[in-house]
Amino acid sequence: MSQEPVIAIDRVNHYFGSGRLRKQILFDITAEIQPGEIVIMMGPSGSGKTTLLTLIGALRSTQEGSMRVLGQELNHADHGLLVPLRRNIGYIFQAHNLLNSLTARQNVQMSLELHSEVSEREARRLSEEMLEAVGLRDWAGYYPHELSGGQKQRVAIARALASHPKIVLADEPTAALDKQSGRDVVEIMQRLAKQRGSAILLVTHDNRILDVADRIIYMEDGRLSALETAPI
Amino acid sequence: MFAIPLAWLQLKREKVRLLVALAGIGFAVILMFIQFGFQDALFDSAVSLHRNIEGDIFLISPQSTALIAMEQFPQRRLYQSLGVSGVESVSPLYLGFATWRNPTNRKTRQILVIGFEPDNPIFNQTIVSNLAPIRLPDTVLFDRASREEFGPIGELFDQQKVVTTELSGRRVTVGGLFKLGASFGADGNLITSDINFLRLFGQRKIGQLDVGVIRLQPGADREQVLKRLEATLQESTKDVRVLSKEGFVEFERSYWASSTAIGFIFTLGAAIGFVVGTVIVYQILYTDVSDHLAEYATLKAMGYRNLYLLSVVFQEAFILAIMGYIPGLLFSTGLYNLTRNATSLPIYMTTQRSLMVFCLTVIMCMMSGAIAVRRVQDADPADIF
Ligand SMILES: Nc1ncnc2c1ncn2[C@@H]1O[C@H](COP(=O)(O)OP(=O)(O)O)[C@@H](O)[C@H]1O
Ligand SMILES: [Mg+2]
């Protein structure tokens, strides 16, 4: 298994709009992410970071170039294949995007329900375990509107990681949080990902959390301009 | 897939919206029950006399359109039918509306008078047990299931009181009771002898009948006799119409259903209930889906298929249908009881009708669901990052 990258991007271009309004957003993106690696992507707003994340996450179709995620080529892939692939990726959004009608535990469990091999009892137990791992054991029965911003984001992390995804994609997960809870959230994410061997691709503007990364990449004007080793 | 009943949890969360939806569906259910119930009651009551007459084949004038609008035909035709093989016996039947004066408050009202030969009755023992009184002149039997505007005749009679009143200007005595029931066409019924009937309706031409009742010999082939009667009477003379019992019932029913606006009005009323319900459920579901669009997009990003989200919307529609139907059914049953007591109309909550309205309710909700789910397609997982 050693060192087949979980994400292999080769000369990917992406355009929005059509006809005269067609505008290129991503230019010749090439990158690889190895299993278990934590990569932070930085770059100014509007540079195309989110767009790249949606391509990797099979939420948008790849138009040009090769995008291999977990060994699956996404360019020209059938929609029927994209949906199952999403189940092996954990997503953490800027907004927590929890389901408001469900308790914290049920929200986490929703990601396990997609895996038919997990029984309902097992799913319950795993969800409670996940919440314990993010420090919310006593909050399992609470609804999102009863939780603080940091707590909600921790539920979202529990949900993203519950099914042991090989890849976690996080788009500015700390943007809406204060300094301390932002730091907590990232540390929890790092710890869990390391335990489970999940690779993380994390978009952030937050300089204070760069130390969790194995590697930092920069996006500028749709080009992945530099790769460098993170300061330890 | 249903370990977490998302549909129910989402509905339950918005309590006010849920109540509005249920009130709307309940309203539609009640409206449909009222319309269908009254329509069936009208038709059932309109044909209860027809059903209760003991006879296999009926003769009426071709000009007759309903019991409330009968034309007469020569009674000769009825006796001619005795010559057709398979016919066992015949009874002449006279029908007409007369003015009854309520003996207690002196108010008058139209009542249906049914006249036949006491030796040759058209009803069986369960409806009228004793025909002896109507052999007396100017004596009638009173239908105790008539509307109460005719007066408390049943109670007075039970108290052994002699009830006499005025019927189309003649003094008549109530000689007994029977039970048939009011209909939309006739608020009450009287039975009397053919002789009394003709005395009452003195302007009638002699030898003219409203209905000829024909009974067949045991084992006679009804279809064959019907054909023979049609050939010998209907075809050759053209002054009678030959009907089977079902045909006679249908003759009356189709008058109310198609020759009056009644059937149309009731169907329209039910349709309005259905449409109102559909619109309300659609509104509720559409708002619900719109509110959850970001959540649905998140579920899609997590790897849930469109089908799952569609099923959530349809489950919501189905839950609404059930939860709106049950109170609607209970309320309508109460309403039927009230109506039955107030109007003597045979209006009952039948299994058939409750199933029909249930199916309509489910269809109503599912149709709304089918329009509202199109909104689910708008949930784009690429938009939520
Ligand atoms: N759905 C879309 N349609 C058209 N243009 C878009 C769409 N999404 C993003 N863009 C444009 O693409 C560029 C990159 O956006 P994005 O990937 O969100 O940047 P970042 O996440 O780095 O801030 C921006 O100029 C933005 O306006
Ligand atoms: Mg962005």
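Throughout, a chain's letter reflects where its sequence line sits, starting with A, and its residues are numbered from 1. Note that this is a predicted model, so its numbers are computed, not measured.
- Annotation for B:Q352: atom CD does not count as buried by contact number, only 12 or fewer foreign heavy atoms lying within 6.0 Å.
- For a residue to count as touching a neighbouring chain, one of its non-hydrogen atoms must lie under 4.5 Å from one of that chain's; by this rule A:L98 touches chain B with the backbone only.
- Considering all non-hydrogen atoms of both residues, B:A294 and A:N97 come closest at CB-OD1, 4.4 Å.
- Annotation: side chain of A:F93 is in contact with side chain of B:T298 (closest heavy-atom distance under 4.5 Å).
- Side-chain N or O atoms of B:Y304 include none that pairs as donor or acceptor with a backbone N or O of A:S111 at under 3.5 Å.
- Between A:Q106 and B:L9 the shortest side-chain heavy-atom distance falls below 4.5 Å.
- Within the 4.5 Å cutoff, the side chain of A:S101 has no heavy atoms near those of the B:E14 side chain.
- In this structure, no portion of A:R124 lies under 4.5 Å from any heavy atom of chain B.
- More than 12 heavy atoms of other residues, nucleotides or ligands shown are found within 6.0 angstrom of CZ on A:F27.
- Looking at A:R87, its side chain does come within 3.5 Å of a backbone N or O of B:G303 through a donor-acceptor pair.
- Note: B:L299 CG to A:R86 CZ = 11.5 Å, rounded to the nearest 0.5 Å.
- The neighbour count for A:D221 CG, taken as heavy atoms of other residues, nucleotides or ligands under 6.0 Å away, does not exceed 12.
- Atom OH in B:Y308 sits 6.5 Å away from atom CD in A:E113 (nearest 0.5 Å).
- Counting heavy atoms from C-beta on, the side chains of A:S163 and B:M302 never come closer than 4.5 Å.
- Dense packing is recorded around CZ of B:F274, with more than 12 heavy atoms of other residues, nucleotides or ligands lying under 6.0 Å away.
- Annotation: B:F314, atom CZ; neighbour count of heavy atoms from other residues, nucleotides and ligands within 6.0 Å is above 12.
- At a 4.5 Å heavy-atom cutoff, A:L85 makes no contact with chain B through either its backbone or its side chain.
- Formation of a donor-acceptor pair under 3.5 Å by the B:E295 side chain with backbone atoms of A:N100 is found in this model.
- Interface remark: A:L114 contributes backbone and side-chain atoms alike to the contact with chain B (heavy atom separation under 4.5 Å).
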field: Check against side chain to side chain contact (heavy atoms under 4.5 Å, CB included), B:H292 and A:L99
entry: CA-CA 8 Å; B:H292 292 111; A:L99 273 60; over 6 Å; no

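- The neighbour count for A:E128 CD, taken as heavy atoms of other residues, nucleotides or ligands under 6.0 Å away, is above 12.
- For B:R305 against A:P84, the heavy-atom pair with the smallest separation is NH2-CG, 3.7 Å.
- Residue A:H145 touches chain B through its side chain alone, counting heavy-atom pairs closer than 4.5 Å.
- Atom CZ of B:F331 has 12 or fewer neighbouring heavy atoms from other residues, nucleotides or ligands inside a 6.0 Å radius.
- Within 6.0 Å of CZ on A:R137 lie no more than 12 heavy atoms contributed by other residues, nucleotides or ligands.
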